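Small disclaimer: the values here were computed from a predicted structure and weren't measured. Computed over heavy atoms, backbone and side chain alike; hydrogens, waters and symmetry mates excluded.
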Amino acid sequence: TGPVGFSDELGKADYDIIKRTCSKDGTLLRTSRAPHPIDKSYVANPPKGDIWTSSTTIGNYTWYHVLAVETSNESEYIKPAQVYPKPSSTAVFIAWELKEDSTCKPGMEAAKCAKEFSAIKTLNVYTGVRGKDSTNNPLKFKAWGVSPVVNGFALLGESSKFVPVSPDRIANVAHVS
């Protein structure tokens, strides 16, 4: 076997993307469950593009991670019943797009940077598609973090990372009344 790298060819690594996958010491920030396509990817009329989810469970709480790639339907959405492990039908989450320059900052009111994600409020996962010349048009993708809301509070973790809440970074979360 040859060397392993983070790009399609030597000298083409995107360090801005690479640093969003790990902590400052180089520890890869992993989820508890491997990413997988949502179930509706396997039906007769699947979404155009790819929609994958994964999850992180710490203590009694689960955070979800959603990745959409090249989704072309502007009304493409997912709901909590489509993630695994499936949350209760009354669970409420907040979802925010994972960007390096995340608008979610410590202490900020969640409504200013995130949206409710629940059985009633779905998450639109439209990304658009790149042009025909894929050499000059990077793949269009978006990633979202999804945090449980407990007594009006949500732990977002490191909102600039692709896995903002990771068992490699956080050992336990508990609600104390």
| Glu158/Arg20 ion pair, N-O < 4.0 Å | no

| field | Any side-chain heavy-atom pair of Pro46 and Lys40 under 4.5 Å | value | no

| said: Take a 6.0 Å sphere around CG of Leu28 and say whether it holds more than 12 heavy atoms from other residues, nucleotides or ligands. | reply: yes

| message | Just so I know, are the side chains of Tyr64 and Ser54 near enough to count as touching, which here means a heavy-atom distance under 4.5 Å? | response | no

| Stepwise side-chain contact (heavy atoms from CB on, under 4.5 Å) check, His175 with Asn151 | CA-CA 9 Å; His175 173 256; Asn151 289 344; 2.6 Å; yes

| field | Val163 backbone acceptor or donor facing Trp63 side chain under 3.5 Å | value | no

| said: Can you give me the closest heavy-atom contact between Ile51 and Ser41, atom names plus distance? | reply: O-OG, 4.1 Å

| message | For Lys19, is there any backbone N or O sitting under 3.5 Å from a side-chain donor or acceptor partner on Lys161? | response | yes

| If you look at every heavy atom in Ser55 and Pro85, which pair is closest and at what distance? | OG-CD, 3.3 Å

| Between Val83 and Val146, does a side-chain contact (heavy atoms from CB on, under 4.5 Å) hold up when you go through it step by step? | CA-CA 10 Å; Val83 298; Val146 178; over 6 Å; no

| said: If hydrophobic clusters are built by linking Ile, Leu, Val, Met, Phe, Trp and Tyr wherever their side-chain heavy atoms come under 4.5 Å apart, do Leu67 and Ile38 end up in the same one? | reply: no

| remark: Closest non-hydrogen atoms of Ser75 and Asn124, given as atom of the first, atom of the second and distance, are CA-ND2, 4.2 Å

| field | Joint hydrophobic cluster, Val150 plus Ile94, side-chain heavy atoms closer than 4.5 Å | value | no

| field | Nearest heavy-atom neighbours spanning Tyr42 and Pro37 | value | OH-CG, 3.3 Å

| request: State whether a side-chain donor-acceptor pair under 3.5 Å links Thr62 with Thr57. | output: yes

| task | Check whether any side-chain heavy atom of Gln82 lies under 4.5 Å from a side-chain heavy atom of Asp39, and answer yes or no. | result | no

| request: Quick one: sort the Phe141 and Phe162 rings into parallel, tilted or perpendicular, breaks at 30° and 60°. | output: tilted

| said: Looking at Ser147 and Leu155, would you say the former's side chain and the latter's main chain have a donor-acceptor pair under 3.5 Å? | reply: yes

| message | Surrounding NZ of Lys79 (heavy atoms of other residues, nucleotides or ligands, distance under 6.0 Å), is the total greater than 12? | response | no

| field | Exercise: identify the closest heavy-atom pair between Val165 and Ile58 | value | CG1-CD1, 3.7 Å

| message | Do Tyr61 and Thr56 have side chains that approach each other closer than 4.5 Å (heavy atoms only, starting at C-beta)? | response | no

| request: For Thr127 and Thr71, indicate whether the former's side chain and the latter's backbone hold a donor-acceptor pair under 3.5 Å. | output: yes

| field | Aromatic ring pairing His36/Tyr84, orientation class (parallel under 30°, perpendicular over 60°, tilted between) | value | perpendicular

| request: Could you check if a side-chain atom of Ile78 sits within less than 4.5 angstrom of a side-chain atom of Thr122, using non-hydrogen atoms only? | output: no

| request: Mind running side-chain contact (heavy atoms from CB on, under 4.5 Å) on Leu29 and Arg169 for me, showing each step along the way? | output: CA-CA 7 Å; Leu29 299 173; Arg169 180 79 118 176; 4.2 Å; yes

| task | Could you tell me which residues satisfy salt bridge (charged side-chain N to carboxylate O under 4.0 Å, His left out) with Arg30, sequence neighbours excluded, listed by chain and number? | result | Asp168

| said: How about CG on Asn73, more than 12 heavy atoms from neighbouring residues, nucleotides or ligands closer than 6.0 Å, or not? | reply: yes

| note | Closest non-hydrogen contact found for Pro87 with Phe93 is CB-CZ, 3.7 Å

| request: Using a 4.5 Å cut-off on heavy atoms from C-beta on, say whether the side chain of Leu123 contacts that of Trp144. | output: yes

| Roughly how far apart are Lys24 NZ and Cys22 SG, rounded to 0.5 Å? | 11.5 Å

| Atom OH of Tyr77: over 12 foreign heavy atoms under 6.0 Å | no

| said: Please enumerate all residues that pass salt bridge (charged side-chain N to carboxylate O under 4.0 Å, His left out) together with Lys121, with sequence neighbours excluded. | reply: none

| said: Within the structure provided, determine whether Pro164 and His65 are in side-chain contact (heavy-atom separation under 4.5 Å). | reply: yes

| query | Between the main-chain N or O of Lys140 and the side-chain N or O of Glu70, is there a donor-acceptor pair closer than 3.5 Å? | reply | yes

| query | Has Asn45 got more than 12 heavy atoms of other residues, nucleotides or ligands less than 6.0 Å from its CG? | reply | no

| task | Start with the C-alpha gap between Trp96 and Ser159, add the side-chain angles, then the distance that decides, and say whether side-chain contact (heavy atoms from CB on, under 4.5 Å) holds. | result | CA-CA 8 Å; Trp96 72 99; Ser159 57; 3.5 Å; yes

| task | Give a yes or no on whether Leu98 and Val149 share a hydrophobic cluster (residues Ile, Leu, Val, Met, Phe, Trp, Tyr; joining criterion: side-chain heavy atoms under 4.5 Å apart). | result | yes

